[in-house]
Structure formats: structure tokens, C-alpha cells
Amino acid sequence: MRGANIGIRPLTPHLGAEVEGVDLSQPLTDTQFADIQRAFLDWSVLVFRDQKLDREQHKAFGRRFGKLHVHPLKASPGYEQHGDPEILVVKTTAKSKFTAGDGWHTDVTCDAEPPMGSMLYVTQVPPNGGGDTLFADMYRAFDTLSASMQRYLESLTAVHDGARPYVGNYGYALPGTATYPKNEHPVVIKHPETGKKVLFVNSGFTTHIKGLKSFESRALLDMLFAHIASTPSLTCRVQWQPNTLTFWDNRCTQHHAVWDYFPDTRYGERVSIVGERPSA
Ligand code: SIN
């Protein structure tokens with residue numbers, strides 16, 4: 001498939017595409033930008049190969065889509081980072097105790113306005129393979145539930161808490177009495193641009209569903225998380241090469257970074273773009 005200015009090669013029939021014919025180190029023309037925006041809404045996960053970007057070029061591409069996001073982990077003294085507040089380092093080595101994103105999640109849904117998208121630029125991949133990222137389509141996750149379950153989920157609101165991954169999994173407490181963001185979002189949201197319904201709970205951040213007994217909330221979330229984790233037809237898989245940038249729509253996908261390459265190293269930097277408050 002080829003638009004006027006870019007080439008599109010789908011990874012699966014419904015989710016993910018490689019984009020050809022764009023040099024992201026150069027300012028995009030308005031037509032290129034419109035083609036990428038269209039492809040982003042159509043495919044939700046866009047993969048750009050062989051890009052040579054410095055940090056300013058990476059951020060400039062992000063800024064075409066909106067204001068850049070500052071990750072809540074930037075406030076933690078324990079989290080080793082590059083100094084730029086808008087760049088999140090995603091680095092795993094033989095010394096790592098965890099790898100960021102090693103579990104199904106949507107980025108930073110603890111925020112009142114979670115990122116609309118993230119752009120991960122990977123420059124170092126493990127020498128013996130591995131380190132792929134799986135993506136799952138949350139339109140399809142919703143569409144493949146029964147009509148009765150869809151109706152019930154549409155009546156619910158869930159709580160998303162940053163402490164769950166950042167303290168619970170990573171061990172990065174904030175100084176003093178500071179806490180990570182914690183916010184409520186509808187369990188089913190409407191994508192602000194496509195208008196399609198999206199299942200919007202994730203095992204990374206969603207702690208419970210409001211108004212249910214604790215055992216009911218746990219059982220319902222476990223069922224939904226199992227649906228996402230055990231339905232391969234929801235997914236696509238990005239195999240990184242050095243200098244690959246992947247841009248995902250954080251409003252309608254989840255992802256899982258696979259840590260199957262210990263003790264090898266993988267290195268990337270992520271820029272995210274602030275989104276709007278999710279609504280039904
Ligand atoms: C993340 O942004 O969750 C990390 C994804 C990855 O490293 O593939």
C-alpha cells in the first residue's frame with residue numbers, strides 16, 4: 001500500500017504497520033504529516049526503520065503531535081535518567097533488576113491526561129535477538145466481548161495508580177510525602193479521534209473497579225487481563241533493529257516489552273505526547 005508520500009506495509013491485517021519513505025530527522029512536510037496522522041489512526045502502531053535521530057529531532061517529531069509529556073518517574077531520585085525531562089531512557093543491562101514495561105500495560109494511565117502516544121527510539125538491540133515488543137489492539141479487545149459484557153463494562157469506572165508499577169514493581173518511592181498520580185477513568189472510553197470504543201483497563205496501572213466488592217473487582221479485572229494476554233489475534237509484534245522508532249497510539253493499544261535477552265543490553269529513549277482526559 002502506498003499513500004501519496006509514504007509507503008505503508010501492514011504487520012497484521014488490523015494492527016501495526018511499517019512506514020517507508022520518511023526521514024524523521026528532517027522537518028515533515030504538511031502532506032507527510034497528514035499521511036502519518038492518517039496511518040497512525042488506521043494502524044495504531046507505526047514502525048519507522050533506519051532513522052538517524054538526535055534527541056532534538058526525536059522531540060521535534062513528537063511535538064508535531066502535541067505537547068511533550070514529562071514522566072512521573074522523573075520525580076524519583078532513585079530512577080537513573082538522562083537529564084532531559086522530556087526523554088525517558090529505556091535501558092536494560094545485565095545489572096537490571098527489571099525492564100521497563102515487562103507486562104501488559106498502557107503508558108502512564110495513572111495521569112489525569114495519559115499520553116496520547118509514545119515514540120520509542122531503540123538504538124541498541126541484544127546481539128542474539130530478543131527484546132521484541134508486543135502490542136495489543138484495545139478496539140478489538142472490546143469488540144470481541146459479548147454484547148452483555150460490553151454493556152456492563154460501559155457502566156463502570158476504574159482506578160489507575162502510579163504506585164502500583166513504580167513502587168510495587170520498580171521500587172522507586174518518591175521523597176517525603178510525595179505520591180505518584182492516581183486517577184479514575186471509564187472502563188470503556190471513546191477514542192477522541194476515531195470515535196471507536198476502547199477497553200481501557202490495564203494490568204500495569206488499574207488497581208480496582210469502583211463500586212464493586214473487592215473480590216468482584218479482582219475477578220472482573222483478571223478476566224479482562226486474561227482476555228488481553230491470551231488472545232494472540234489482538235496482537236502484533238515489533239522486532240527492533242538498531243535505529244528503529246515505533247510510535248504507538250496509547251489510547252487504543254497496550255504493549256509488553258519482552259525481557260528474554262538477559263544478560264544482554266538493549267537501549268532506547270522514549271518521548272511521549274500528552275493526551276486528553278479519557279472519556280466515554
Ligand atoms: C515501554 O515504553 O513500556 C517500554 C517498551 C519497550 O521497551 O519496548
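In what follows, every heavy atom counts, from backbone to side chain, and hydrogens, waters and symmetry copies are set aside. We count ligands from 1, going down the list as the structure has it; atoms in each ligand are counted the same way.
In the hydrophobic clustering of this structure, M119 does not group with L134; members are Ile, Leu, Val, Met, Phe, Trp, Tyr whose side-chain heavy atoms approach within less than 4.5 Å, directly or through other members.
Separation of atoms NZ (K197) and CG (L153) is listed at 11.0 Å; rounding is to 0.5 Å.
Through direct or indirect side-chain contacts shorter than 4.5 Å among Ile, Leu, Val, Met, Phe, Trp and Tyr, Y267 is connected to V89. Here V274 sits alone; no ILVMFWY side chain lies under 4.5 Å from its own, so it joins no hydrophobic cluster. Through direct or indirect side-chain contacts shorter than 4.5 Å among Ile, Leu, Val, Met, Phe, Trp and Tyr, W259 is connected to Y261, F262.
A cation-pi geometry, defined here as NZ or CZ lying under 6.0 Å from the six-membered ring centre and within 45° of its normal, does not hold between R164 and F205.
Protein residues having at least one heavy atom under 4.0 Å from any atom of ligand 1 are V90, A100, G101, H105, D107, L120, T133, W248, H255, A257, R266, R270, listed by chain and number.
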